[in-house]
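Basis for what follows: all heavy atoms, side chains included, without hydrogens, waters or symmetry-related copies. These numbers come from a predicted model, not from an experiment.
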Amino acid sequence: MALQNEDKLEVGYSSLQPKPKKWVLLMLRLLAFFATAAATVVMGLNKETKTLVVATVGTTPIKATLTAKFQHTPAFVFFVIANGLASIHNLVMIMGDLFGQKLDYKGLRLAMIAILDMMTVALISGGASAAAFMAELGKNGNSHARWNSICDKYKTFCDHGGGALIASFAGLILMLIISVMSIIKLLIKPKPDSTTVVP
């Protein structure tokens with residue numbers, strides 16, 4: 001006896017939207033990889049050395065050579081680690097999409113991809129937010145705590161840091177889109193064959 005509910009949608013199945021094309025997701029992942037990798041490299045190589053006047057004795061200025069590095073701020077270190085991990089995640093997912101179609105244990109591959117994408121979004125968001133807070137503090141200082149800004153002295157360091165932040169937030173937006181597409185891909189399953197015969 002053939003199934004009679006051909007016109008009814010089963011729970012967990014949808015024919016409202018077609019599955020996202022594979023190449024669209026691959027291109028978005030590639031763009032997200034380049035954005036987070038650029039943020040990692042730019043901030044990781046961000047360093048500027050300046051000779052500054054630190055005190056004046058009588059009329060003689062006392063100078064010191066100081067270097068601004070991303071390692072001096074834990075928020076920037078976390079930023080580099082978070083974007084580096086996001087780059088590795090996207091690279092692994094690209095390789096998995098291209099070569100790992102057979103690596104699907106009981107249909108868990110799509111669920112794991114969606115979960116890992118959401119975790120990567122959270123990681124990039126935390127790293128970019130922490131770095132943005134420190135960048136704002138470096139640019140404007142904090143008059144209540146009497147912290148001076150440093151961007152008037154280390155302009156190149158701040159400009160490179162700002163570029164890394166822009167790349168990271170671009171990667172975050174792309175990862176949000178990828179995460180939504182991964183969830184849609186997980187939820188939209190192919191409709192089962194309606195001509196199945198039930199004994």
Side-chain angles (χ1 to χ4, degrees), residues 24-52 54 64-97 111-186:
V24 173
L25 194 56
L26 278 175
M27 289 303 295
L28 286 172
R29 280 200 190 279
L30 197 60
L31 288 172
F33 166 74
F34 283 129
T36 54
T40 304
V41 170
V42 170
M43 187 64 87
L45 298 176
N46 196 9
K47 180 169 90 168
E48 185 179 6
T49 302
K50 287 265 188 171
T51 301
L52 305 170
V54 292
T65 301
L66 303 171
T67 302
K69 299 180 186 177
F70 85 95
Q71 297 100 320
H72 294 162
T73 308
F76 291 156
V77 173
F78 175 53
F79 175 86
V80 169
I81 292 170
N83 281 281
L85 289 174
S87 300
I88 292 169
H89 164 78
N90 278 312
L91 196 58
V92 169
M93 292 297 116
I94 290 169
M95 294 298 119
D97 276 350
M112 287 305 299
I113 289 172
I115 291 168
L116 289 172
D117 284 343
M118 286 188 287
M119 289 173 63
T120 303
V121 166
L123 190 64
I124 298 172
S125 176
S129 299
F133 168 75
M134 289 308 298
E136 196 279 331
L137 189 61
K139 183 177 180 182
N140 299 319
N142 187 323
S143 58
H144 299 291
R146 296 187 183 184
W147 293 335
N148 296 327
S149 64
I150 65 160
C151 285
D152 56 336
K153 300 172 184 68
Y154 295 98
K155 186 166 175 32
T156 304
F157 178 79
C158 290
D159 289 345
H160 289 176
L165 274 170
I166 290 169
S168 182
F169 277 111
L172 174 61
I173 291 168
L174 288 166
M175 279 307 301
L176 281 169
I177 296 168
I178 290 167
S179 185
V180 169
M181 289 178 72
S182 296
I183 293 169
I184 290 171
K185 197 173 177 182
L186 176 65

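For the pair Ala114 and Leu186, the tightest heavy-atom approach, listed with the atom from each and the gap, is CB-CD2, 4.4 Å. Closest heavy-atom contact between Asn46 and Phe157: ND2-O, 2.9 Å. Across Leu174 and Ala32, no two heavy atoms sit closer than the pair CD1-N, 3.6 Å. Taking both residues in full, the closest heavy atoms of Val42 and Ala164 are given as CG1-CB, 4.0 Å, listed atom of the first, atom of the second, then distance. Minimum heavy-atom separation, Phe70 to Val77: O-CG2, 3.9 Å.
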(message) For a side-chain contact (heavy atoms from CB on, under 4.5 Å) check, start with the C-alpha distance between Gln71 and Val80, then their side-chain angles and the critical distance, and finish with the verdict.
(response) CA-CA 10 Å; Gln71 297 100 320; Val80 169; over 6 Å; no
(request) Walk me through it: do Leu123 and Met119 pass the test side-chain contact (heavy atoms from CB on, under 4.5 Å)? (result) CA-CA 6 Å; Leu123 190 64; Met119 289 173 63; over 6 Å; no
(request) Report the C-alpha distance between Leu116 and Met93 in whole Å, list the side-chain angles of each, state the deciding distance to 0.1 Å, and finish with yes or no for side-chain contact (heavy atoms from CB on, under 4.5 Å). (result) CA-CA 10 Å; Leu116 289 172; Met93 292 297 116; 4.1 Å; yes
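Contacts of Ser87 classified as side chain to side chain donor-acceptor pair (under 3.5 Å), with partners at least two apart in sequence or in another chain: Thr36. The side chain to side chain donor-acceptor pair (under 3.5 Å) check on Asp117 picks up Arg29, His89, Ser182, with sequence neighbours excluded.
To the nearest 0.5 angstrom, Tyr154 atom OH is 7.5 Å from Glu48 atom CD. For the atom pair CE (Met175) and CG (Asn90), the distance works out to 5.0 Å, reported to the nearest 0.5 Å. Summarising the geometry, atom OG belonging to Ser168 is positioned 7.0 Å from atom CG belonging to Leu172; distances are rounded to the nearest 0.5 Å. Taking CG from Asp97 and CG from Leu30, the interatomic distance works out to 11.5 Å, rounded to the nearest 0.5 Å. Of the inter-residue distances, the one linking Ile88 atom CD1 with Thr120 atom OG1 reads 10.5 Å to the nearest 0.5 angstrom. To the nearest 0.5 Å, atoms CD1 (Ile81) and CZ (Phe78) are separated by 8.0 Å.
When the shell of 6.0 Å around NZ of Lys155 is examined, it contains 12 or fewer heavy atoms from other residues, nucleotides or ligands.
Using a 4.5 Å heavy-atom threshold, the side chains of His160 and Leu45 count as separate.
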Side-chain donor/acceptor pairs under 3.5 Å, residues 125-139, sequence neighbours excluded:
unit_1: Ser129; atom_1: OG; unit_2: Ser125; atom_2: O; d: 2.7
unit_1: Glu136; atom_1: OE2; unit_2: Asn140; atom_2: ND2; d: 2.8

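Of the possible donor and acceptor atoms, one in the side chain of Asn83 sits under 3.5 Å from a partner among the backbone N and O of Phe79.
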